[in-house]
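Positions are given from 1, in the same order as the sequence printed here.
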Amino acid sequence: EQREPRAEAGREIGATIQVTNFVTYEAPDADPLTPLHTRAIAGTARPVARIRALDSYAGSTVLANPTGEPVALLDALLPAAGFSAAVKAYDRVLLLVTLVVALLAGLAGLYFGRWLATPVAALAEMARRIGKGDFSPPVPTAEPRELAALGQAMDGMRHNLVELTDTLRRREAETLRVRFGGGIDG
């Protein structure tokens, strides 16, 4: 009756489960689980290891009664081939997830790069036009906030240049009128 639940639990997790009576346990040198049992009993290191002689990964723990007295050693052994296959499958899934995340990050970078580059290019074009003396169109509004502030500053500069140019033209026209007797209109 005790063996059946243990065997069923072992089948569910794909492991072999062994229970050894603590009172009758002797640490035989020939048993490949002895170093693992020693660590489990001492409680000093993780009692988990690959046991090459059994071609398995094993974990061991001490089972105690309600008073804390050790009563048994519980060992779980997973076949190395099955465990290695699970690790390889996990590695493939992890690699796939990493590639998908990298692809999404790259696409997001391209999208945000274009989102940021488009207003920068528009502001650069506006700066070139202002540099050539074309003050007519207003500077386009832009996102994000920093580029919008730059666009507003450029539009203020454009507006100031328009006013300055108009003022200079009026003064030039006045100077020409005064100098040549008012025969020239600006």
Undergrad: Does Thr167 form a side chain to side chain contact (heavy atoms under 4.5 Å, CB included) with Arg171? I'd like the steps, not just the answer.
TA: CA-CA 6 Å; Thr167 302; Arg171 286 185 184 168; 3.8 Å; yes

Undergrad: Identify the heavy atoms of Pro119 and Arg114 that sit nearest to each other, and give their distance.
TA: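 Closest pair (atom of Pro119, atom of Arg114, distance): CD-O, 4.5 Å.
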
Undergrad: Glu172 versus Leu168: any side-chain heavy-atom pair under 4.5 Å?
TA: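 The answer is no, as the side chains (C-beta and beyond) never meet within the 4.5 Å cut-off.
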
Undergrad: Looking only at heavy atoms, what is the nearest atom pair of Thr34 and Pro28, with distance?
TA: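 That closest heavy-atom pairing would be OG1-O, 2.6 Å.
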
Undergrad: Which residues satisfy the side chain to side chain donor-acceptor pair (under 3.5 Å) test with Arg50, sequence neighbours excluded?
TA: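 With sequence neighbours excluded, Arg50 shows a side chain to side chain donor-acceptor pair (under 3.5 Å) to Asp55, given in chain and number order.
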
Undergrad: Do you know the tightest heavy-atom contact between Met154 and Ile130?
TA: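 Nearest pair, atom of Met154 first, then Ile130: O-CD1, 4.3 Å.
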
Undergrad: For the atom pair OG1 (Thr20) and CG (Leu63), what is the distance rounded to the nearest 0.5 Å?
TA: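 The distance works out to 10.0 Å.
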
Undergrad: Who passes side chain to side chain donor-acceptor pair (under 3.5 Å) against Asn160, sequence neighbours left out?
TA: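 Once residues adjacent in sequence are excluded, Asn160 has no partner under the side chain to side chain donor-acceptor pair (under 3.5 Å) criterion.
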
Undergrad: If you look at every heavy atom in Val48 and Leu36, which pair is closest and at what distance?
TA: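 So the two residues come closest at N-CD1, 3.4 Å.
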
Undergrad: Does the side chain of Asp75 reach to within under 4.5 Å of the side chain of Leu33, using non-hydrogen atoms?
TA: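 The answer is yes; the side chains approach within 4.5 Å.
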
Undergrad: Treat each ILVMFWY residue as a node, draw an edge where side-chain heavy atoms are under 4.5 Å apart, and state whether Val101 and Val93 are in one component.
TA: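 In one cluster with Val101: Val93, yes.
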
Undergrad: Under a single-linkage rule joining Ile, Leu, Val, Met, Phe, Trp and Tyr whose side-chain heavy atoms are separated by less than 4.5 Å, which residues share a cluster with Leu95?
TA: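 ILVMFWY cluster around Leu95 also holds Leu99.
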
Undergrad: Any chain of hydrophobic side-chain contacts (each under 4.5 Å) joining Ile17 to Leu78?
TA: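 No; tracing contacts between hydrophobic side chains, which count when under 4.5 Å, never links both residues.
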
Undergrad: Less than 4.5 Å apart, side chain to side chain, heavy atoms only: is that true for Thr61 and Pro47?
TA: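 With C-beta onward as the side chain, the pair stays apart.
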
Undergrad: Do Glu125 and Arg128 sit within salt-bridge range, that is, some charged N less than 4.0 Å from a carboxylate O?
TA: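 Answer for the salt bridge query: yes.
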
Undergrad: Excluding sequence neighbours, so at least two apart, what forms side chain to side chain donor-acceptor pair (under 3.5 Å) with Thr98?
TA: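 Thr98: no side chain to side chain donor-acceptor pair (under 3.5 Å) contacts found.
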
Undergrad: With sequence neighbours excluded, tell me which residues meet salt bridge (charged side-chain N to carboxylate O under 4.0 Å, His left out) with Asp166.
TA: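 With neighbours one apart ignored, the set is empty.
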
Undergrad: Can you pull out every ring-ring contact (aromatic ring centres under 6.0 Å, His included) where at least one residue sits in residues 72-112? Sequence neighbours excluded, please.
TA: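 For residues 72-112, and leaving out neighbouring residues, the ring-ring contact (aromatic ring centres under 6.0 Å, His included) pairs sorted by first residue read Tyr57-Phe83.
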
Undergrad: Answer yes or no: is there an ion pair linking Asp155 with Arg158, defined by an N-O contact shorter than 4.0 Å?
TA: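 A salt bridge links Asp155 with Arg158.
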
Undergrad: Side chains of Leu73 and Val62: does their closest heavy-atom pair fall under 4.5 Å?
TA: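 SC-SC contact between Leu73 and Val62 confirmed.
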
Undergrad: State, yes or no, whether a side-chain contact exists between Leu150 and Val120 at a heavy-atom distance under 4.5 Å.
TA: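 Contact flag for Leu150/Val120 side chains = no.
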
Undergrad: Could you tell me which non-hydrogen atom of Leu77 sits nearest to which non-hydrogen atom of Ala58, and how far apart they are?
TA: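 Closest pair (atom of Leu77, atom of Ala58, distance): CG-CB, 4.1 Å.
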
Undergrad: Any link between Phe22 and Leu74 through a network of hydrophobic side chains (Ile, Leu, Val, Met, Phe, Trp, Tyr) touching at under 4.5 Å?
TA: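 Different clusters.
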
Undergrad: Compare every heavy atom of Ala49 with every heavy atom of Arg39, then report the nearest pair and how far apart it is.
TA: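 In terms of heavy atoms, the two residues are closest at NH2-CB, 3.6 Å.
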
Undergrad: Quick one: CD1 on Ile51 to CG on Asp31, what's the gap to the nearest 0.5 Å?
TA: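 Answer rounded to 0.5 Å: 9.0 Å.
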
